[in-house]
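See below for the structure under consideration.
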Amino acid sequence: MGDSVQRVTRQSWGSRLGGAVAGVVVGLALGAGGAGLLFWNEGRAVKRYQTLKEGASAVISVASQQADSQNQGRLVHASGRATTDETLRDDRFGVEAVALKLRRRVEMYQWVEHTRSEERNKLGGGTETVTTYS
């Protein structure tokens, strides 16, 4: 299978209790923070809705073939086909194409780690966890 490493961690009854109390405190703080963020985000959503509604009432649709100076400073909507005669090149890989955009996508592969944990109860309420990585 290959190389493997074992790690043993021990936790006493008192540290488990302390961790539980700390978890409750952190949970309450996260709940309060989440409520505040929800209130703030809902306010932003209402403002965004009002802005989009105002823009929808002011927008004008125009043909995309040529620009009209009468529409200078106004909110306009145009749609059409995007075309080009320009050839884009990626010199590093020797690729070229007639396109509006050329994007390089890089991938990296790594090994797979397998983890196996075994938890044992100790005398006095503590626990011992043995984790094996391979």
Side-chain angles (χ1 to χ4, degrees):
M1 174 144 143
D3 295 334
S4 66
V5 175
Q6 245 184 10
R7 184 178 75 168
V8 178
T9 57
R10 292 175 179 83
Q11 191 174 26
S12 70
W13 180 84
S15 68
R16 289 175 59 198
L17 181 63
V21 170
V24 168
V25 170
V26 168
L28 290 173
L30 286 174
L37 284 174
L38 181 63
F39 180 77
W40 171 73
N41 191 47
E42 288 296 322
R44 288 183 58 223
V46 168
K47 287 180 185 174
R48 173 72 51 95
Y49 171 75
Q50 290 170 344
T51 303
L52 289 173
K53 190 174 174 183
E54 180 183 342
S57 66
V59 70
I60 57 170
S61 293
V62 297
S64 63
Q65 285 77 18
Q66 62 181 356
D68 189 359
S69 61
Q70 290 180 345
N71 295 328
Q72 186 69 28
R74 297 175 72 186
L75 183 60
V76 297
H77 167 263
S79 67
R81 188 164 181 85
T83 60
T84 185
D85 295 328
E86 186 176 350
T87 302
L88 301 180
R89 289 180 178 78
D90 185 339
D91 294 329
R92 173 168 267 168
F93 291 105
V95 175
E96 62 181 52
V98 177
L100 294 173
K101 178 179 177 182
L102 185 61
R103 184 177 75 179
R104 182 186 304 164
R105 187 172 137 195
V106 179
E107 294 183 6
M108 184 172 88
Y109 296 96
Q110 296 181 351
W111 64 86
V112 176
E113 177 181 271
H114 298 280
T115 305
R116 190 180 74 232
S117 293
E118 180 183 341
E119 186 172 315
R120 302 176 193 146
N121 291 326
K122 301 208 30 135
L123 188 63
T127 61
E128 178 180 79
T129 305
V130 178
T131 306
T132 304
Y133 302 95
S134 60

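In this text, all values refer to a predicted model and were calculated from it rather than measured experimentally.
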Legend entry - Polar side-chain atom of Ser12 near backbone of Gly126 as donor-acceptor pair, under 3.5 Å: no

Legend entry - Thr127 OG1 to Arg10 CZ distance, which is reported to the nearest 0.5 Å: 10.5 Å

Inset, instruction - Rounded to the nearest 0.5 Å, what's the gap from CG on Leu102 to CG on Asp90? Could you check? - result: 6.0 Å

Legend entry - Residues, nucleotides or ligands: over 12 heavy atoms within 6.0 Å of Glu119 CD: yes

Inset, instruction - Specify the closest pair of heavy atoms between Ser79 and Ser64, including all atoms of both residues, with the distance to one decimal. - result: O-OG, 3.0 Å

Inset, instruction - Might you work through the side-chain contact (heavy atoms from CB on, under 4.5 Å) test for Val62 and Asp68, ending with a clear yes or no? - result: CA-CA 9 Å; Val62 297; Asp68 189 359; over 6 Å; no

Inset, instruction - Enter the distance from Leu37:CG to Arg44:CZ here, rounded to the nearest 0.5 Å. - result: 10.5 Å

Legend entry - Pairwise distance CZ(Arg120) to NZ(Lys122) - rounded to 0.5 angstrom: 9.0 Å

Inset, instruction - Would you check, one step at a time, whether the test side-chain contact (heavy atoms from CB on, under 4.5 Å) holds for Val46 with Glu42? - result: CA-CA 6 Å; Val46 168; Glu42 288 296 322; 5.7 Å; no

Inset, instruction - May I ask you to check whether over 12 heavy atoms, not counting those of Glu113, lie within 6.0 Å of atom CD? - result: yes

Inset, instruction - Provide the closest heavy-atom pair for Ser117 versus Thr129 in the form atom of the first, atom of the second, distance. - result: CB-CG2, 4.5 Å

Legend entry - Thr84 to Val98 - nearest heavy-atom pair and separation: O-CG1, 3.7 Å

Legend entry - Electrostatic pair Arg116-Glu118, nearest N-O below 4.0 angstrom: no

Inset, instruction - Quick one: pull up OG1 in Thr131 and CZ in Arg7 and give me the separation to the nearest 0.5 Å. - result: 5.5 Å

Legend entry - Neighbour count >12 (heavy atoms, 6.0 Å) for atom CZ, Arg104: yes

Inset, instruction - Provide the closest heavy-atom pair for Val59 versus Val76 in the form atom of the first, atom of the second, distance. - result: CG2-C, 4.0 Å

Inset, instruction - Give, for atom CZ of Arg48 and atom CG of Asn41, the distance between the pair rounded to the nearest 0.5 Å. - result: 10.0 Å

Legend entry - Shortest non-hydrogen separation from Thr132 to Gln6 and the atoms involved: OG1-CG, 3.3 Å

Legend entry - Exercise: identify the closest heavy-atom pair between Arg105 and Glu107: NH2-OE2, 2.7 Å

